[in-house]
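Take a look at the structure below.
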Amino acid sequence: MTVAPRGTYDILPDQAMAWQWMEMKIREVLLAYGYGEIRTPIFEHTELFLRGIGETTDIVEKEMYSFTDKGGRNLSLRPEGTAPVVRAYIQHKLHGQGGATKLFYLGPMFRQERPQAGRFRQFHQFGVELIGEDSPMADAEMIVLAHDLYRQLGLTGLEIYLNTVGCPVCRQEYKKELIASLQASSDQLCSSCRLRLDRNPLRVLDCKEASCQALTEQVPLLHDYLCLDCREHFQQVTNLLDQVQVKYEIKPKLVRGLDYYTRTVFEVINHDLGAQNAICGGGRYDGLVEECGGPSVPGVGFASGMERLFMTLEQKALLPAFSRAPQVYIIPLSADLTTVGFEAAFLLRQNGFKVEVGFTPKSLKAQLKAANRSGAPLALIIGEDEWQDRQVTLKQMDTGDQVRADWAELAEQIGQMLAQTESL
RNA sequence: GUGGGCGUAGCGCAGCUGGUUAGAGCGCCAGGUUGUGGCCCUGGAGGUCGAGGGUUCGAAUCCCUUCGCUCACCCCA
């Protein structure tokens with residue numbers, strides 16, 4: 001069996017055109033918002049992800065494709081895009097250019113998980129990063145940008161989940177309270193939540209286990225422990241969203257799995273997608289740049305899963321139909337005439353036509369069948385009879401009408417006939 | 001890493017209370033028109049029944065193992 005490795009897949013020509021279309025729309029919107037594309041390597045020093053994403057996250061604990069190269073360097077295929085962008089930001093001292101830095105990326109990511117609907121081992125994300133700006137307007141712009149981008153792709157029924165996870169100061173305070181509150185009845189927590197209790201207690205909040213959910217009903221909320229700055233920041237973010245009437249739902253227990261998030265976190269959900277229904281996730285990461293060895297600058301961004309986006313577009317029939325049909329299908333009727341067919345194809349392509357030519361001189365019937373299958377509106381038949389007069393036959397596939405054309409005036413005549421069929 | 005479902009022709013599938021040469025549809029190829037496609041008719045090619053082992057006179061069908069796909073858990077995009 002020769003199959004692509006588990007969790008990977010091939011994008012065949014018909015689908016590739018839809019992907020290109022989707023990528024084009026994404027780039028259009030991001031460029032319109034003033035973001036510049038950045039292309040970073042698909043592997044980085046493993047250390048970058050350990051520091052950036054956090055050593056206790058699932059991603060670095062069990063999902064990274066890591067390897068040692070021949071120089072003994074420890075490298076990993078990137079499991080996400082933010083840490084590499086931050087690394088590039090620091091490396092090229094982009095903070096020195098003044099003002100906030102607005103970047104986007106688009107490409108494959110790698111995580112060694114069990115695949116399922118909407119989850120792959122090599123998958124694609126596009127992401128946006130706004131580094132060097134701590135205004136709540138930056139947070140709001142991220143959410144509005146995501147919303148607008150999906151809308152421009154035709155998507156309207158998506159839900160936005162919003163929350164704040166505070167800053168290191170007030171979150172620390174809250175964590176203590178949370179642990180204290182859960183400790184009493186820790187025997188009712190699921191096994192993984194018992195581990196989370198001291199490693200990453202916030203994650204207990206969005207555990208789907210019924211018993212854990214029941215417990216978190218009673219637990220104090222982070223919102224009640226926010227420091228004044230964090231509270232105001234969140235208030236302003238929601239005010240801005242209200243201002244432009246972008247609807248969201250506040251989910252007090254929304255906690256994201258990457259360690260670097262501070263204050264605002266959000267997700268965009270498509271409920272019709274199956275278990276993996278988040279097509280976008282992001283938030284603020286004020287400590288990340290410094291953690292990675294850069295200056296102390298804030299940042300905010302999001303990443304969007306392109307397979308999930310593609311599935312959504314497919315599901316809602318929002319992908320345009322693409323045709324790879326040629327304009328002219330050339331049919332040489334004998335072995336001697338295949339070179340003439342080859343030359344005709346060359347000539348017409350020089351004139352800008354989309355042309356396909358039969359490689360083997362099968363029967364006219366068979367070749368017309370192939371022409372029909374190709375979807376070409378015009379068939380160009382080169383037979384012995386007409387070729388004696390340096391002519392060929394042009395057949396209009398929809399009507400079946402056919403005329404003779406002089407070799408010397410081929411391009412001109414085909415141009416006219418195509419213009420005619422297209423105007424009908 | 002754990003659990004469920006599924007592997008039969010290029011594709012999507014039927015057959016599975018064990019019984020001759022494993023089927024139909026779509027697609028493909030050819031003929032019905034010695035140079036005319038789509039519709040129709042006729043014919044044809046194409047299968048180690050995922051792989052290995054076992055039970056049996058006999059296995060696509062029952063049992064075991066294994067690989068793959070898929071969905072879900074965990075977690076995330």
| request: Give the intermediate values and the outcome of ring pair (Phe, Tyr, Trp, His ring centres under 6.0 Å) for residues Y35(A) and F104(A). | output: CA-CA 6 Å; Y35(A) 290 80; F104(A) 78 87; 7.7 Å; no
| task | Using salt bridge (Lys or Arg N to Asp or Glu O under 4.0 Å) as the criterion, list what pairs up with D148(A), not counting sequence neighbours. | result | R151(A)
| Under-4.0 Å side-chain N/O to phosphate OP1/OP2 contact, R114(A) with G1(B) | no
| request: Output yes when at least one side-chain N/O atom of Q276(A) is less than 4.0 Å from OP1 or OP2 of C76(B), else no. | output: no
Give one of base, sugar-phosphate or nothing for [X], where a contact means two heavy atoms less than 4.0 Å apart.
X	result
A278(A)	sugar-phosphate
G127(A)	nothing
R111(A)	base
E113(A)	base

| field | Length of the line joining I269(A):CD1 and C76(B):C1', which is rounded to integer Å | value | 11 Å
Side-chain donor-acceptor contact under 3.5 Å, [X] with [Y]:
X	Y	result
S334(A)	E384(A)	yes
N163(A)	H223(A)	yes
T82(A)	E129(A)	yes

| message | What verdict does the side-chain hydrogen bond (donor to acceptor under 3.5 Å, both in side chains) test give for D406(A) and Q391(A), after you've listed the backbone C-alpha separation in whole Å, the side-chain angles of each residue and the deciding distance to 0.1 Å? | response | CA-CA 5 Å; D406(A) 287 325; Q391(A) 288 190 321; 2.9 Å; yes
Whom does [N] pair with, Watson-Crick or G-U wobble, provided both distances fall under 3.5 Å?
N	result
G3(B)	C71(B)
G12(B)	none
G37(B)	none

| request: Let me have a per-nucleotide readout for nucleotides 31-46 of chain B, 5' to 3', with B, S or -, counting only protein heavy atoms under 4.0 Å. | output: -B--BBBB--------
Could you measure between the two [atom1] atoms, the one in [N] and the one in [M], and give it in whole Å?
N	M	atom1	result
C13(B)	C26(B)	C1'	11 Å
A22(B)	C63(B)	C1'	23 Å
G47(B)	U8(B)	P	15 Å
U70(B)	C62(B)	C1'	25 Å
A45(B)	G52(B)	P	26 Å
A72(B)	G27(B)	P	33 Å
C69(B)	G50(B)	C1'	10 Å
A60(B)	G19(B)	P	10 Å

| message | Quiz question: going by heavy-atom distance under 3.5 Å, is there a donor-acceptor pair between the base of C76(B) and the side chain of R308(A)? | response | yes
| message | Can you confirm if the aromatic rings of F310(A) and H124(A) lie within a centre distance of less than 6.0 Å? | response | no
| said: Taking the nucleotide of RNA chain B with the nearest heavy atom to each, does F120(A) or A117(A) sit closer to the 5' end? | reply: A117(A)
| message | Please compare A4(A) and N277(A) by the position of their nearest nucleotide in RNA chain B and report the one closer to 5'. | response | A4(A)
| query | When you look at Y161(A) and F266(A), which way does the ring pair (Phe, Tyr, Trp, His ring centres under 6.0 Å) test go after all the steps? | reply | CA-CA 5 Å; Y161(A) 290 173; F266(A) 68 97; over 10 Å; no
